[in-house]
Structures are given as C-alpha cells and as structure tokens.
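Keep in mind that the numbers below use all heavy atoms, side chains included, and drop hydrogens, waters and symmetry copies.
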There are 2 protein chains.
Amino acid sequence: MKIVPEIIQKLTEAGLKITPQRVAVMQTLMKLKSHPTAEELYAEVSKTIPGLSPTTIYNTLDTFVDRGLVKRVKTDLDRMRYDAITEHHHHLYCAISDRMEDYFDPELDRILSDYFTRKKINGFNVTDIRLQLMGDFENKAKQ
Amino acid sequence: MKIVPEIIQKLTEAGLKITPQRVAVMQTLMKLKSHPTAEELYAEVSKTIPGLSPTTIYNTLDTFVDRGLVKRVKTDLDRMRYDAITEHHHHLYCAISDRMEDYFDPELDRILSDYFTRKKINGFNVTDIRLQLMGDFENKAKQ
DNA sequence: TCCCTAAATTGTATTTATTACAAACATGGT
DNA sequence: ACCATGTTTGTAATAAATACAATTTAGGGA
C-alpha cells in the first residue's frame, strides 16, 4: 500500500484531482497483472469503495487513457482490457484460454527499432511497435 | 466477379454449404480492404442480398473464423473487424483517424521467426507473431 | 481555515453490438 | 426429386458502453 504516494504523484503530474476512486482504480490496475476489463475492475474496486458507480470506472479509465497513465489492450476474442504498465512491452496471448501476459524484451525492441529505422514504410510514419505473440501457455498456474 | 468460383472452392474445402449469403459475405470481405465491421458488412452485403438478416452476418463471420477463412482484427479503439486475408501479415494503424491497413513484410517475418527460434520464452510456446505498427498515415487519400 | 468554482462522481436512462433461440428454408448427397 | 442436415431469419434478450443532469467533492485563493 506504500504505492499510494506514487499514485498521487502520477495523478498530480497528469493534472488530475486526487479522488479515492481514482487512487483505488489505479491501485487495483497496478496490483492486478491480468489486464482486467472494466467490469472486473468494478468488482475489485467496489471492495474498497462500496458505493462506486460503474460509470466512474469508465470515466476514470477514459481519463487515464487520455493522460497516458493507462493503455487499452484488446485481443481478438473479447472486450476491452486495461493495463497500467506504460513502459514499453508486448503481450503473450493464448486464444484458447483467453489468457494474456506482459512480455518485456529490450533486445527485441532494439532489433525492431533498428529495422524500422532502416526500412521506411511508404506513406506511414511508425511511432510505436506492438507485438502480440500468439501461442500456448505451458500450464503454469493461470494468472 | 470471376472470384466467385474461387470462393466456392474455399467454402467447399472448408466443408461448408454454398449459400448466396456466404458467397456475398466472402466476396465483400475480399473486395473491401478496410477491415470492415460486421455492421459495415451488413450494409454492403445487403445491396446484393436485400432480405439479409444481421444475424446471418454474425453467424457467417463466426463460421468463417472457425474454419480459418477469415481473421478477426481488433484495435485498441473500436469494435471487432474482419479480414479475409489469411496470408500472414501485420497491420498499420493510426489511432487518430482510426484507419487500418495491411502490411506485408517477408524480411521482417524472417527476422522475427529467426529471433524466436533462438530465443525461447519461459512457459510459452509461440505459434504466431502479429505486429501492430502504430503511427500516422501521410494523408494518402484515405483507403 | 473556509469558500467557491471547476472538476468528478453518481444513477438513471439509452444506445449499440452481439448472442440466443425457435421456426422456416435451402443445400447437396442419395 | 427427396430428405436430412445445415443455414437463415426474425424477434427477443443480453451485455457493454455512453449520455446526461443532478449532486458531491477537491483543492486553490481569500
């Protein structure tokens, strides 16, 4: 729970007012590594903030995305998910179990970055490279 | 329109009955390069098949995806889209204009394939690598 | 510290995409 | 041509997300 000051700093830097709802949403997003949906977040954050409105979850997430504090993630299978990790990373995704995990690989990033510095795409200016690695998890306990 | 026999062959190979709806949906998907949504497809296919039910679009697309004739594509921004190109490719995507285009790059595929042959990810078995290149289109007339 | 204003939250009502399902129909093998 | 099975249709239901007006709250300035 000592991450709260860090969250407050984030929100302040983004020019947002500090509200219990926002702190709790961000806290939950950072705690969960499962790229939760708005609904899952609502369930989780409601434990902390009983009267919470689902609308607040949507509003808050939209605001966070606007300010770059949170990223949206979508798979080919299901609904919108959210991710508090803004550091550059990719995703491992298994369509069968609908399970998604983060994947960090600076070496890969370097290779891709080099590649697209060299190779220009006609009429398109690349600003970000995102990989979705499809495959199967070798049944480590699910997320 | 000479692609119809080709479509019939595809459907037959996939063990599906040939219906005007299916042929029209596939034809439209192959014609449009815009990764249309179900709704856009409904509008377009309705021109050919007036009585068409939206449910048929969803059913047909689900069936096609099941049989591997069509791929689902999602961006971080909007609803489900469909793509009749099953050949391996990536996507260029501009979040501002919500515009998406296909991107083919065998050289890149080779590099990535080599990389993941060499580099194993703990607990995950990669079967497909998909890139989403985020950026801006230099305003060529939009799709 | 209190007040005030802008910003945030709430709750309800809607919209919109998608799915469920049962009845009617069409396809393709025999 | 017939029949069984697969397909389409239409309606109704579900579910996610949004709009909006009313209420409440945060936090800077007096």
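Out of C:dG11, C:dT18, D:dA16, the shortest distance to the side chain of A:Glu39 is found at D:dA16.
The phosphate of C:dA7 has neither OP1 nor OP2 within less than 4.0 Å of any side-chain N or O from A:Arg22. Residue B:Gln21 has no polar side-chain atom (N or O) positioned under 4.0 Å from OP1 or OP2 of C:dA26.
Summarising the geometry, atom CG belonging to A:Asn125 is positioned 7.5 Å from atom NZ belonging to A:Lys120; distances are rounded to the nearest 0.5 Å. With rounding to the nearest 0.5 angstrom, the CD atom of A:Glu40 is 11.0 Å from the CG atom of A:Leu29.
Residues B:Phe116 and B:Ile129 come closest through the heavy atom pair CD1-CD1, 3.5 Å. Residues A:Ile8 and A:Thr12 come closest through the heavy atom pair O-OG1, 2.7 Å. Counting all heavy atoms, side chain and backbone alike, B:Tyr115 lies closest to A:Leu108 at OH-N, 3.5 Å.
A:Glu13 meets the salt bridge (charged side-chain N to carboxylate O under 4.0 Å, His left out) test with no other residue; sequence neighbours excluded.
Rounding to whole angstrom units, CG of residue A:Leu52 and P of D:dT25 are separated by 14 Å. Atom-to-atom, CG of B:Leu41 to P of C:dT18 comes out at 11 Å; the value is rounded to the nearest Å. As a whole-Å value, the separation of B:Glu40 CD from C:dA17 P is 10 Å. Per the geometry, CD1 belonging to B:Ile49 stands 13 Å off C1' belonging to C:dA26, to the nearest Å.
Taking every heavy atom of residues 55-66 of chain A and every atom of DNA chain D, pairs under 4.0 Å involve A:Thr55, A:Tyr58, by number.
Ring geometry, A:His91 versus A:His35: the interplanar angle exceeds 60°, so the pair is classed perpendicular (tilted spans 30 to 60°).
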Side-chain atoms of residues 45-58 of chain B: list all donor-acceptor pairs with protein atoms under 3.5 Å, sequence neighbours left out, distances to 0.1 Å.
unit_1, atom_1, unit_2, atom_2, d
B:Ser46, OG, B:Tyr42, O, 2.7
B:Lys47, NZ, B:Glu44, OE1, 3.2
B:Ser53, OG, B:Thr55, N, 3.2

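Residues in residues 49-69 of chain A take part in these salt bridge (charged side-chain N to carboxylate O under 4.0 Å, His left out) pairs, two or more places apart or across chains: A:Asp62-A:Arg72.
Residues A:Lys119 and B:Asp105 have side chains in contact (heavy-atom distance under 4.5 Å, counting atoms from C-beta outward).
The rotation axes computed at either terminus of the helix from C:dT1-D:dA30 to C:dT30-D:dA1 lie 30° apart, taking five pairs at each end and rounding to 10 degrees.
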- prompt: Should B:Arg118 and A:Glu107 be marked as a salt bridge (charged side-chain N to carboxylate O under 4.0 Å, His left out) after you check the CA-CA gap, both sets of side-chain angles, and the distance that decides it?
  reply: CA-CA 12 Å; B:Arg118 187 157 58 75; A:Glu107 184 188 354; 3.7 Å; yes
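Residue-to-nucleotide proximity on DNA chain D shows that, of B:Gly51 and A:Pro54, the 5′-proximal contact is made by B:Gly51.
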Below 3.5 Å is the cut-off: list the nitrogen or oxygen pairs between protein and nucleotides 26-30 of chain D, distance only.
unit_1, atom_1, unit_2, atom_2, d
D:dA26, O3', A:Ile18, O, 3.4
D:dA26, N3, A:Lys17, NZ, 3.4
D:dG27, OP1, A:Ile18, N, 2.6

